[in-house]
Amino acid sequence: MHILKLIFKNMLRHKLRSFLTVLGIAIAVMAFGLMRTVISSWNSGVEASAANRLVTVHAVSFIYPLPLSYQDQIAKVPGVRKVSFANWFQGIYKDKDQFFARFAVDPDNFFDLYPEVVVSPKEKEAMKNQRNGCIIGAKIARTYNLKIGDLMNIDGDIYPGQWQMQVVGIYHGRDETSDETWMLFNWHYLDEGLKQASPGRAGQVGWYIVDIGDPNQRAAISAAIDNLFTNSPAETKTQTEKEFNQSFVSMSGAILTAIDVVSFVIIGIILMILMNTMVMTARERIREYAVLKTLGFSSSHLVSLIGGESLLISSIGGALGVAITFPITSGIHKVVPPQWFPVFNLETMTVVLAAASALLAGVLAAAFPATRAVQTKIVDGLRQIG
Amino acid sequence: MSLVSVQNISKSYWRDSQEIRVLTNISFDIAEGDFLGLMGPSGSGKTTLLNLIAGIDKPTKGSITVSSTDISKLNESELAKWRARHIGFVFQFYNLMPVLTAFENVELPLLLSKLSKKERREHVEFALQIVGLGDRVHHYPKQLSGGQEQRVAIARAIVTDPTVLVADEPTGDLDKVSAEEILKLLERLNTEFKKTIIMVTHDPRAAERAHKIRHLDKGELS
């Protein structure tokens, strides 16, 4: 027999109690993992931002457009390699609940600036050549069972009217962190429609995407771009793509902070569940610990016994929790419309944090009962009625 | 030369600011191979004296020397190691680990030794044979009778071949027949295996088995 066997047998002494404790830890670890995944999913756009991309928007607000003529001027700023643009189109596809991002983009070079959007040259060329051509993300194609050649009718809201796009390509994300829920269509189709319906809105873009060679020069280049349009009717504000995306995420800041806090409260719950079990366990066994001391077992042996049992329970609970988080995360991702959480992956860091939290709880939960067992005198322990 | 020497031992407890004297100036010697019975009424201090000799409690005053070691000067860690090597303790209520089999309970003290698994098994089987439980090695305490449980406890106490075997009311929780078996076993351990035994009891029939009897009354030897 080894001391580990005694730890294992002790854990199985109250099977129901141990089972419920393991289950409680597993559920708490799973909840922790899910919450961290929601937060990381929300921040995925920010995290996926490229360091070499700047975004130039209207200085007053993102909702105001900028003249198309700015493109050439920005392109001449030293340090700028390429300039592309996009408009937030929105619109309604099928019904209002079918939300996913729809952009009118510069067909000439938009994809050059977004290497994470993987699309074949043939499909890019098709969008360039076909005015109403659009390229959709693979997840959108799967969700709506769309294939190349299919038509998509969209009711315009920001840009009123009936817009009919034809799918000419389906893009895939470069990796699992890439968003596959965009619909990207030829900006010229929007512009031509506006020229007819509301000429005053034609020739304008929502924002510019600026590719810079050296990310360390971003501050100087941003300032140079904005200086170009100082005192013009449409002054600009240039920022990194990360800052630009962050400004959207920060609108949900309070909710994210709440989820963040609750996720760490869960660690406290894990600790309380385990500590309750370990305190009860150690109290029931004070007499046994006194007997072990009488036999010559030292304080470190008792700490090993109690700590080992606590760690064993927390490890099993943590491992089970992490194990069930994978299928549950995957299940949620399948059930929830992809546009809600375009990226919903259980990150390695979340798994590590969840497992580490369970183990930390195991150590902390053993601290008090182990101290008590060590400090109890043998003669007092032997008098305890277990 | 005596194996155990108790010199001017006193033991007091404090309740608030009041001193409660349990033992007062106790002195006596126990020779190697002796079988000493400690008798006395409840509260006379006999268990306290046994605990002091076994090194699980410390005297307020005086010294206890066992096999040339003054155990009253040892710290907790040293005492733990000393107990593992020199003391075999038999409790009134057996105090076996309920989750361990008879074999595993007897093996428990040997986990602190450097014996190999094979050597441990040999020692455990031998100890269980001595107490007559060679056929109950895989039984759990709840599957054994009170007498059998106490015999496992005795096997656990002797498996390390301790210098002194101390027994606190070893028959106090047993029926007559089982008590008689346990007393015979202790007697055999003393005569056949030359074990030095100190036994606390308030049962005169149990005390008859001892070679010497010391009476305690209100913390003093009479």
Side-chain angles (χ1 to χ4, degrees), chain A residues 1-19 277-278 280-306 308-310 312-313 370-386, chain B residues 11 13 22 47-52 54-58 75-113 117 120-121 124 137 140-142 153 156-157 159-160 162 166 168-169:
Chain A
M1 188 183 68
H2 193 268
I3 199 107
L4 281 174
K5 191 173 181 183
L6 183 56
I7 290 172
F8 190 72
K9 286 196 165 196
N10 273 335
M11 190 194 76
L12 294 178
R13 193 181 294 204
H14 294 284
K15 291 187 181 68
L16 181 63
R17 185 199 291 170
S18 298
F19 170 75
T277 297
M278 290 315 299
M280 271 198 293
T281 297
R283 191 173 55 210
E284 289 166 0
R285 296 184 198 154
I286 282 292
R287 189 184 177 95
E288 287 177 25
Y289 298 142
V291 172
L292 288 172
K293 283 192 208 174
T294 304
L295 296 179
F297 282 79
S298 63
S299 298
S300 59
H301 286 117
L302 296 190
V303 171
S304 303
L305 272 178
I306 298 168
E309 188 175 347
S310 182
L312 185 60
I313 292 174
T371 305
R372 190 171 170 221
V374 166
Q375 288 179 343
T376 303
K377 288 180 180 173
I378 296 176
V379 287
D380 294 333
L382 290 174
R383 273 197 287 267
Q384 289 267 336
I385 296 168
Chain B
K11 178 71 182 176
Y13 294 109
V22 184
T47 294
T48 302
L49 181 56
L50 193 75
N51 290 343
L52 293 175
I56 63 174
D57 202 359
K58 285 196 162 189
N75 63 31
E76 285 302 321
S77 170
E78 290 166 336
L79 265 179
K81 285 179 188 159
W82 178 83
R83 283 194 302 270
R85 175 68 195 88
H86 293 282
I87 297 294
F89 209 111
V90 180
F91 303 91
Q92 180 181 355
F93 298 108
Y94 335 127
N95 284 332
L96 300 175
M97 298 290 148
V99 289
L100 301 182
T101 62
F103 183 97
E104 290 166 342
N105 264 291
V106 177
E107 190 187 17
L108 211 44
L110 295 180
L111 296 180
L112 302 171
S113 70
K117 191 175 179 182
R120 290 205 307 267
R121 191 180 68 238
V124 172
V137 289
Y140 286 91
K142 65 182 176 189
R156 182 179 65 184
V159 74
T160 55
V166 296
D168 187 5
E169 304 269 15

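Proteins get letters first, then strands, A, B, ... in listed order; numbering begins at 1 in each. It should be emphasised that the depicted structure is a prediction, and the values quoted were computed from it without experimental measurement.
Taking 4.5 Å as the heavy-atom cut-off, the residues of residues 77-85 of chain B that approach chain A are B/Ala80, B/Arg83, B/Ala84, ordered by number.
In this structure, chain A has heavy atoms under 4.5 Å from both the backbone and the side chain of B/Asn95.
Counting only heavy atoms from C-beta outward, the side chains of A/Asn10 and B/Met97 never approach each other to under 4.5 Å. Within the 4.5 Å cutoff, no side-chain heavy atoms of B/Leu111 are placed close to those of A/Lys5. At least one side-chain heavy atom of B/Ile56 sits under 4.5 Å from a side-chain heavy atom of A/Leu382. Proximity of A/Leu6 to B/Glu104: side-chain heavy atoms (C-beta onward) are nowhere separated by under 4.5 Å.
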Check: residues 371-380 of chain A side-chain donor-acceptor pairs under 3.5 Å, at least two apart:
{"residue": "A/Thr371", "atom": "OG1", "partner": "A/Ala367", "partner atom": "O", "Å": "2.6"}
{"residue": "A/Thr376", "atom": "OG1", "partner": "A/Arg372", "partner atom": "O", "Å": "2.6"}
{"residue": "A/Asp380", "atom": "OD1", "partner": "A/Arg383", "partner atom": "NH2", "Å": "2.8"}

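Within a 6.0 Å sphere centred on CZ of A/Phe8, other residues, nucleotides and ligands contribute 12 heavy atoms or fewer.
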*Take B/Val99 and A/Glu288, measure what side-chain contact (heavy atoms from CB on, under 4.5 Å) needs, and give me the verdict at the end.*
CA-CA 11 Å; B/Val99 289; A/Glu288 287 177 25; 5.9 Å; no
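B/Leu112 and A/Phe297 get closest at one heavy-atom pair: CD1-N, 3.7 Å.
Here the OH-NZ distance, from B/Tyr140 to A/Lys9, works out to 3.0 Å after rounding to the nearest 0.5 Å.
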